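This report concerns only the one structure given below.
Each chain gets a letter, A, B and so on, in the order the sequences are listed, and its residues count up from 1. Nothing here was measured: the structure is a model prediction, and the numbers come from that model.
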Amino acid sequence: MKFTTSYEPGEFEPDIYAAWEAADEFLPGGKVGGDGKLFDEDPDNNPKTYSIVMPPPNANGNLHIGHGLTIAIEDSLTRYHRLRGEMTWYIPGADHAGFETWVVYERVLEANKHTRFEYSRDELYAQVWDFVQEQRGNMELQVRALGASCSWKDLTFTLDENVVRRVYATFEKMWNDGMIYRGEKLVNYCTKHQTAFADIEVEHKEEKGKLWDIAYPYDGGEIVVSTTRPETLFGDVAVAVNPEDTRYKKMIGKTVRLPLTDRNIPVIADEHADPEYGTGAVKITPAHDNDDFEVGERHNLPRIQVIGFDGKMLPICGEEYAGLDTAECRKKVLHDLKEAGLLRGEKKIVHAVAHCYKCDTVIEPMLKEQWFIDVKKLAKIAIEHLEAGEIEFFPASKKQVLINYLKGLKDWNISRQIPWGIAIPMFRKVDSDEWIFDSRTNLSEIEIGGVRYVRDEDTFDTWFSSSHWPIVCTNWEEGVVNPYYPLNVMETGADILFAWVARMIMMGLYVTGEVPFKQVYLHGLVLDAHGQKMSKSKGNVINPMDLVAKYGSDAFRLGILRGRSAGMNQAFSEQSAVAGRNLCNKLWNVSRFIQEIVDNEASAPEDATDEQTVSSGTPSSAKSKGLKPVDFSLGLRDIVPEERSDSSTYTTDNMGEDWICREINEARWQVEKQMKNYRFSEAVETLHSLIWDKYADWFIESQKLYKNTGLLMTTLEAILKMLHPFAPFVTEAIWQNLSWTDGLLISANWPSDFKFDPMSAEEFEKLMNIVSHTRSTLQGLSEAYKGFSRADTTLLYGDDTLIDDNSLLVQYLTRVKSVISAEGEPRGLRLAVANSEVYLDVSSEVVSAYADSLEKKILKVGAELDSLNMRMMNPNYVDKAPAELVKETQDLIAEKQGLIERLKAERAAI
RNA sequence: GGGUCGCUAGCUCAGUUGGCUAGAGCGUCUCGUUUACACCGAGAAGGUCGGGGGUUCGAGCCCCUCGCGACCCACCA
């Protein structure tokens, strides 16, 4: 049995994916890619290209729901453009995830009772490399399970040789351009992980804290400063007051005694001190506070580091304090100040505190020599191109958000003190401060002309290398024409707009002179069913693989795309996947039904078909292929399609057929528009409605009476193609099971226009309206009158050729006993259908039981009529609104008028 | 402190230059086994579009204002 009664995704998905992959259908045009030969040198020989890159998931991790969404979106785009005949290149990636992976590996070390300090940098690098290789592969299997039609041959790992080469080339260029400098600045430092971070990697949290007032004495008085960090007073080098603050004016230039020490520090005047805040006097600790660092620079003050890189107080703080961690030290300092009578007060405050985004440790601003990128020029160019509209954003609002960010961007610290990452290609001349660029980072020491140079031990911030992603994935090279760069679209999470998208734009422009992508689509967070952020601690994490296993990959994809729009954090629940599963099953059964019709026709003698069942194009292949199930182990039939054309021809023979052709055209046009505007949710909805509400409920139902096999085949093909971008597996499984289709659906062509008679399609809609009203009234009657039986009821019609011509279909769709002409003697209940004369032949007894419903209808139509009349009575409306609209309103009024008269007559007859 | 987004049916969300009687999925209720599908079919109920102003012939959509929520940025000692 080819078509089982329900679709079982698990039986098809792995084989189908393998078949796609084996057929090389993931490569651009199914032919090129991966070998450096991307396209024909003559641009005239190349069709339109479409390129998109996968934001690389962590190589040794598992996919989470966000990856599921990313892939659902990107693969739908990819498949859609592939079906449209474009040379489509979806490039997968894997991220070494520098810090993330390092944190995981450090835990492994810890569990084995080791620490990073036992090994050299190179040894650690080798260990993590092995660790990642062992763990690798899971992620890639999961990407496959989600159906991503990406070009696996071109998978880019962020530590691949070509990535490193490109990153070094950029770094060298920047170094030569004077955009890289080494500076001792305050950096965000995590004392647990013992590495610095970029500003963007730090998480600020509102926290309750205290503001202490501490007296700094001098001969004949004291000055009271306010601080949240008393433990850093050992690093104080001055007390600052505002030059305009009359309270302190006379003290400027005086020297005060630093408590708990024997040092004296000056009182200086600086705008930084806010007279309104605290006591108006502030201690200046340039080595441990960003503001103070700047004050120190302005006044040429020394920087005294008092906290070590391990988070413990340094010896300079004195025997009693050295070795304490900051919290212990704070306690002791406060205690000692109190003893000395210098603590003047404390106040509860709420302030923002920086934390390590991984371990939550409080980030210390620390004095450290690091490599920095001067970002001013980069940001400026990026802003210019953004303002010129070279990149289109979805949602559009993010463009300005990004520009604002770039405008305030500060120099970018790219040094990380972790071994897992791309080594910084800088070497220091031994016994000097002289640095040179050299890409031989596999060596920890080099010699040039008899001079020894030692490699910098640090690695690059991962964002520095990943900012090259579009460049490295598309194999961009200077001077080589590359139709895949810029990418058509960059799809990623809105949460990394700054960290990644901004940097890709800056780097793309710096390296290639072009923006790296033409459009940016940002998706929001996937929240749980109640709109809460998913987190392990809350226990509300949904694993995409669980849903794939339970309902199928397509169901997950359809579900996660539904009800989701660009840039918004939106809820998701298992229910959505269930709805997706149901749609897949519906389509499966529709296909099964059509296949049965095709089979019956193939086996039946010619004259057995009804006169109206003009099937024009039953292809001979349908007969010759027989009914054997697809055997995937033997390889798919006709893997390389010769000609991609609709395999059946058709003619339309009745209204329903014209109507479905029109509806498919309309839906196709809608989907095209929605895809262009990245409205995936709406596209899925359009297709859901087409397949379920239109194709299955009306067309297939009507085809149970009037079979047009050629049209059934052709329309089904069109529908499979249209849904394929979103639900690739079930559509391909059906395609393979159908007896008459060729090749793989993944590489089929997007459907073209169906020809139809518009008048006829319009007529069918009227018929649908009559059927719906009849059904509704029948249901109303059976609820109003016990013992009412629709199977015993006759539908009468007046002078109405539409029904006369289609009485069989009306009877079939309404399940009444019969549909016959009233022959000028109407009786029973007249239906409230505009422009049509239909009666249900029921007794007056039944009609009176229905009076309540009738009354309700009269009221409802009356209200509608009133509002329409009101509109027409407004002279301004008639005057100013478009004539078309006014005409429409008039027609509506006429229609309602007729309707209400009929209803009233009906009521009077009771 | 600055900024962005959101508030539409019980729930999750659509509603693209202002013009239909405001829609969908899920849920609820009532019928129902009919040449595919109960992962089904037919029908129904359910909304003063967060509050208040304004512009307009016309506002869910534009403007102002208030309220509530989510998120982002920021060195306030």
- Message: Between A:R562 and B:rC11, is there a contact of a side-chain N or O with OP1 or OP2 at under 4.0 Å?
- Response: no

- Message: Expressed as a whole number of angstroms, how long is the span from A:Y277:OH to B:rG1:C1'?
- Response: 13 Å

- Item | Spacing between A:L583 atom CG and B:rG25 atom C1', to the nearest angstrom | 11 Å

- Task: Would you mind telling me which of B:rU30, B:rU35, B:rA24 lies closest to the side-chain atoms of A:E685?
- Result: B:rA24

- Message: Whether A:S565 contacts B:rA14 is assessed here as follows: a side-chain N or O lying under 4.0 Å from the phosphate OP1 or OP2. Is that the case?
- Response: yes

- Query: Can you find a donor-acceptor pair, distance only, under 3.5 Å between A:K896 side chain and B:rU21 base?
  - Reply: yes

- Could you state the atom-to-atom distance from CD of A:Q670 to C1' of B:rA24 in whole Å? 14 Å

- Query: Nearest of B:rC75, B:rA77, B:rC39 to any side-chain atom of A:R581?
  - Reply: B:rC39

- Task: Write down the distance separating the C1' atoms in B:rG19 and B:rG3, rounded off to the nearest Å.
- Result: 35 Å

- Task: Assign each of A:D274 and A:E206 to its nearest nucleotide of RNA chain B by heavy atoms, then name whichever residue's nucleotide is nearer the 5' end.
- Result: A:E206

- Message: Rounded to whole Å, please give me the gap between CH2 in A:W588 and C1' in B:rA38.
- Response: 19 Å

- What is the distance from NZ of A:K398 to P of B:rC72, rounded to the nearest Å? 10 Å

- Message: Under 3.5 Å for both donor-acceptor distances, Watson-Crick or wobble: does B:rC7 have a partner, and if so which one?
- Response: B:rG67

- Task: Name the orientation class of the two ring planes belonging to A:H688 and A:W692 (parallel below 30°, tilted from 30 to 60°, perpendicular beyond 60°).
- Result: parallel

- Item | Distance-only donor-acceptor test, A:Q779 side-chain atoms vs B:rU30 base atoms, 3.5 Å | yes

- Starting at CG of A:L561 and ending at C1' of B:rC13, how long is that distance when rounded to a whole Å? 14 Å

- Message: Work out how far the P atom of B:rG53 is from that of B:rA59, and round it to whole angstrom.
- Response: 13 Å

- B:rA42 P sits how many Å from A:W698 CH2, rounded? 8 Å

- Any chance the rings of A:Y850 and A:F788 have centres within less than 6.0 Å? no

- Query: Does a distance-only test, which skips hydrogens and angles, find a donor-acceptor pair under 3.5 Å between the side chain of A:E701 and the base of B:rA36?
  - Reply: yes

- Classify the angle between the aromatic ring planes of A:F197 and A:Y357 as parallel (below 30°), tilted (30 to 60°) or perpendicular (above 60°). perpendicular

- Query: So, is A:Q570 near the phosphate of B:rA14, with a side-chain N or O under 4.0 Å from OP1 or OP2?
  - Reply: yes

- Task: Verify whether the ring centers belonging to A:F593 and A:W588 lie closer than 6.0 Å.
- Result: no

- Query: On a plain distance test, is the side chain of A:K283 in donor-acceptor contact with the base of B:rA77 below 3.5 Å?
  - Reply: no

